Amino acid sequence: MPESKETVGIDLGVKHLAITFDGEFYEHPKFPRESERKLHRKQRVVSRKKKGAARRRKAIRELARLHEHIANPRRDYAHKVSRKLVNSYGLIAFENLNVQGMVKNHHLAKSIVDAAWNQLVRYTTYKAEEAGRGVVLVDPKNTSQPCSNCGEIVSKKLSERMHHCEHCGYVQDRDINAAQNILKRALAG
Ligand SMILES: [Zn+2]
């Protein structure tokens with residue numbers, strides 16, 4: 001793969017899976033709703049049935065199949081997005097998910113969101129290694145509050161979707177502003 005001087009900061013989100021510093025949005029993969037409902041139902045059956053009972057064993061087998069049904073499209077999608085990122089950029093900056101203090105508004109089931117973020121970062125990291133490209137994981141603390149244009153702290157609640165800096169007048173989508181801060185941190189570090 002030819003060298004690339006292109007850099008990108010990426011905010012991982014709940015509303016969207018990933019948002020780039022220049023305003024590209026990647027949706028969360030859509031799961032068949034019916035599969036999720038079935039999954040919860042089977043999980044209840046498995047936890048209720050007596051150990052060793054034939055019906056429980058059957059429910060466990062069905063549960064495994066359902067997990068695959070949901071996991072496969074998510075995996076394919078994470079491969080697609082990570083491939084696109086590695087092909088397009090020489091340096092890719094994410095928030096470090098292993099650092100405590102990530103406060104995100106979880107509308108979707110937390111485990112589903114966490115799994116999707118982790119998968120995307122993992123796949124991007126190994127593809128970047130193979131391609132000789134860089135992934136930088138930055139401190140996730142307060143990536144959304146500073147103004148990416150002037151550095152001033154612009155406090156905003158989770159419900160506020162726009163970043164509006166009264167200091168320099170910079171107006172931006174809050175997630176794009178965060179992605180810009182993530183890139184700045186990666187380049188400064
Ligand atoms: Zn500003």
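Just so it is clear, the structure is predicted and the values come from calculations on it, not from any experiment. Numbering of residues begins at 1 and proceeds along the displayed sequence.
A donor-acceptor distance shorter than 3.5 angstrom exists from the side chain of His28 to the backbone of Val14, with no hydrogens or angles considered. At least one donor-acceptor pair under 3.5 Å links the side chain of Arg174 to the backbone N or O of Lys157. A donor-acceptor pair is defined here as one N or O able to donate and one able to accept, closer than 3.5 Å; such a pair exists between the side chain of Arg133 and the backbone of Val86. Between the Tyr77 side chain and the Ala116 main chain, no donor and acceptor come within less than 3.5 Å of each other. Proximity of a side-chain donor or acceptor of Trp117 to a complementary backbone N or O of Gly13 within less than 3.5 Å is detected. For the pair Asn142 (side chain) and Gln145 (backbone), a donor-acceptor distance under 3.5 Å is absent. Listed for the Asp11 side chain is no donor-acceptor partner under 3.5 Å among the backbone atoms of Gln180. Without hydrogens or angle criteria, Asn177 side chain to Ser148 main chain gives a donor-acceptor distance under 3.5 Å. Side-chain atoms of Asn149 never come within 3.5 Å of backbone atoms of Cys168 as a donor-acceptor pair (strictly under, hydrogens ignored).
Shortest non-hydrogen contact noted between Val136 and Ala186 is CG1-CB, 3.8 Å. The shortest non-hydrogen separation linking Val154 to His163 is CG2-CE1, 3.5 Å. Nearest heavy-atom pair, Ser88 versus Glu6, reported as atom, atom and distance to 0.1 Å: O-CB, 3.6 Å. Closest heavy-atom contact between Ile92 and Ile10: CG2-CD1, 3.7 Å. The two residues Cys165 and Cys150 make their nearest non-hydrogen contact at SG-SG, 3.7 Å.
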#### Entry: Worked verdict on Phe94 versus Ile182 for side-chain contact (heavy atoms from CB on, under 4.5 Å)
CA-CA 7 Å; Phe94 290 106; Ile182 289 163; 5.7 Å; no

### Task
Take Asn96 and Asp139, measure what side-chain contact (heavy atoms from CB on, under 4.5 Å) needs, and give me the verdict at the end.
CA-CA 6 Å; Asn96 190 345; Asp139 184 352; over 6 Å; no

### Residue pair Glu27, Lys15: steps toward the side-chain contact (heavy atoms from CB on, under 4.5 Å) verdict
CA-CA 8 Å; Glu27 300 298 317; Lys15 200 160 164 258; over 6 Å; no

### Task
Please lay out, stage by stage, how Val81 and Thr124 fare under the test side-chain contact (heavy atoms from CB on, under 4.5 Å).
CA-CA 8 Å; Val81 175; Thr124 306; over 6 Å; no

### Task
Take Glu24 and Lys84 through the salt bridge (charged side-chain N to carboxylate O under 4.0 Å, His left out) test and state the conclusion after the steps.
CA-CA 12 Å; Glu24 215 166 320; Lys84 188 169 179 225; 2.5 Å; yes

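Following chains of ILVMFWY side-chain contacts shorter than 4.5 Å, one cannot reach Val121 starting from Tyr126, and the two form parts of different hydrophobic clusters. Residue Ile19 is not grouped with residue Tyr170 when hydrophobic side chains (ILVMFWY) are merged at heavy-atom distances under 4.5 angstrom, including chains of intermediate members. Hydrophobic clustering (side-chain heavy atoms under 4.5 Å, transitive across Ile, Leu, Val, Met, Phe, Trp, Tyr) groups Tyr89 together with Leu120. Follow the hydrophobic side-chain contacts under 4.5 Å out from Val8 and you reach Leu183 in the same cluster.
For Lys156, there are no salt bridge (charged side-chain N to carboxylate O under 4.0 Å, His left out) partners at least two apart in sequence or on another chain. Glu130 pairs by the salt bridge (charged side-chain N to carboxylate O under 4.0 Å, His left out) definition with nothing, not counting sequence neighbours.
Taking OG1 of Thr7 as the start and CG of Asp22 as the end, the distance is 9.0 Å to the nearest 0.5 Å. Atom CD1 in Ile176 sits 8.0 Å away from atom CE in Met162 (nearest 0.5 Å). Thr20 contributes atom OG1, which lies 8.5 Å from atom CG of Leu85 (distance to the nearest 0.5 angstrom). We find the CD-CD distance between Glu152 and Glu166 to be 10.5 Å, quoted to the nearest 0.5 Å. Here the CZ atom belonging to Arg41 is positioned 12.0 Å from the CG atom belonging to Leu63, to the nearest 0.5 angstrom.
Of the N and O atoms on the side chains of His79 and Lys127, at least one donor lies less than 3.5 Å from an acceptor on the other residue. Judged by distance alone, the side chains of Thr143 and Glu95 do bring a donor and an acceptor atom under 3.5 Å apart. Between the side chains of Arg83 and Asn87, a donor-acceptor pair is found at a separation under 3.5 Å.
In this structure the side chain of Arg61 reaches within 4.5 angstrom of the side chain of Lys58, judged on heavy atoms.
Legend: ring pair (Phe, Tyr, Trp, His ring centres under 6.0 Å) pairs involving residues 2-27, not counting sequence neighbours, sorted by first then second residue: His16-Phe25.
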